[in-house]
Amino acid sequence: MLEKINEITEFLKTKGVVNPDAGIILGTGLGGLTVKMSNCIEIDYREIPHFPVSTVEGHAGKLIYGDFGKKKIVAMKGRFHYYEGYGPEEVSLSVRVLKYLGIKCLFLSNAAGGVNPAFKIGDIMIITDHISLLPNPLIGPNDDRIGVRFPDMGEAYDNYLIKKALIIAGDLRIRVHKGVYLSTSGPTFETPAEYKYFRIIGADAVGMSTTPEVIVARHMNVPVFAVSIITDLGVEGKIAYTTHQSVLEEAAKTEERMTALMTEMIAAL
Ligand code: HPA
């Protein structure tokens with residue numbers, strides 16, 4: 001695995017991807033953040049050795065390196081999900097590569113269904129913790145050069161970054177919630193009984209991604225900040241017919257607020 005990571009990292013460095021301050025993995029419909037980047041180098045996932053190719057509409061499959069405010073970032077436009085049939089190594093490879101490129105911090109965004117009754121469609125939830133019902137990406141032999149066998153997950157989402165985000169959101173007058181993100185495999189959206197169950201066991205929002213990436217980042221001691229955009233509600237009496245299209249549309253409506261928050265977060269690094 002490390003050999004593969006080094007090979008990809010070297011390839012990207014020869015393309016000019018050097019010393020990024022932060023990495024950001026952009027979720028469903030949130031790719032628009034990259035228009036605020038300048039001096040960009042854009043690399044299609046298909047050009048990158050060993051890289052899987054994302055198959056989902058709304059996930060472009062591009063790595064974009066460039067200036068974002070005064071910082072250099074690598075934005076991954078398109079992520080890999082278990083429901084696409086990828087294994088743990090493929091789902092987590094991009095995070096490993098970001099770490100070996102030198103990021104100091106990983107930012108993640110996703111679209112999610114809100115199961116907290118206080119949530120509204122279009123709300124932003126800062127993820128403070130998670131319940132991962134996906135296979136753990138660290139299952140298998142551990143490479144001690146990369147991280148420890150049994151990583152602690154007591155502060156998977158960096159408390160300092162969460163506090164910072166709350167201050168920034170207040171300054172920008174963006175309504176945000178804090179909450180627990182629960183990941184399931186998908187690709188089905190939940191039944192009403194499943195949404196209810198997830199609420200009972202402690203979730204505020206439900207989605208199909210992010211936790212494997214967070215686990216892999218924490219394995220390598222990379223601080224993580226993640227947000228969900230609430231694109232639909234899994235609350236009794238408020239459950240509406242959900243499609244990938246409706247998720248994309250609702251995510252797009254929140255993109256501006258989300259980008260503003262991420263911009264200030266990265267600037268404050
Ligand atoms: N469930 C799971 N994943 C999702 C949802 C949902 O309701 N909305 C967006 N992604």
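Remember, it's 1-based here, ligands and their atoms both numbered in the order they're listed. Position 1 is the first residue of the sequence, and the numbers go up from there. We use all heavy atoms of the structure for the numbers below, so side chains are in, but hydrogens, waters and symmetry mates are not.
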I'd like to know if [X] and [Y] make a salt bridge, using a cut-off of under 4.0 Å between side-chain N and carboxylate O.
| X | Y | value |
| --- | --- | --- |
| Arg199 | Asp204 | yes |
| Lys4 | Glu89 | yes |
| Arg149 | Asp144 | no |

Per-atom contacts of ligand 1 with [X], taking only distances under 4.0 Å to non-hydrogen atoms:
| X | value |
| --- | --- |
| Glu190 | 1 (N), 2 (C), 6 (C), 7 (O) |
| Thr231 | 8 (N), 9 (C) |
| Tyr195 | 1 (N), 6 (C), 7 (O) |
| Ala112 | 5 (C), 8 (N), 9 (C), 10 (N) |

4.5 Å side-chain heavy-atom contact, His81 and Val91: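 Side-chain contact under 4.5 Å: no.
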
Validation row: Leu108, Val224 side chains within 4.5 angstrom (heavy atoms):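 With C-beta onward as the side chain, the pair touches.
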
Among protein heavy atoms, which lies nearest [atom], and at what distance?
| atom | value |
| --- | --- |
| atom 4 (C) of ligand 1 | Val206 O, 3.6 Å |
| atom 5 (C) of ligand 1 | Gly113 N, 3.4 Å |
| atom 8 (N) of ligand 1 | Asp232 OD1, 2.6 Å |
| atom 3 (N) of ligand 1 | Gly207 CA, 3.4 Å |
| atom 10 (N) of ligand 1 | Ala111 O, 3.4 Å |

Heavy-atom neighbours of Glu47 CD exceed 12 at 6.0 Å: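 Enclosed.
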
Parallel, tilted or perpendicular: rings of Phe80 and Phe51 (30°, 60°):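 Correct class here is perpendicular.
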
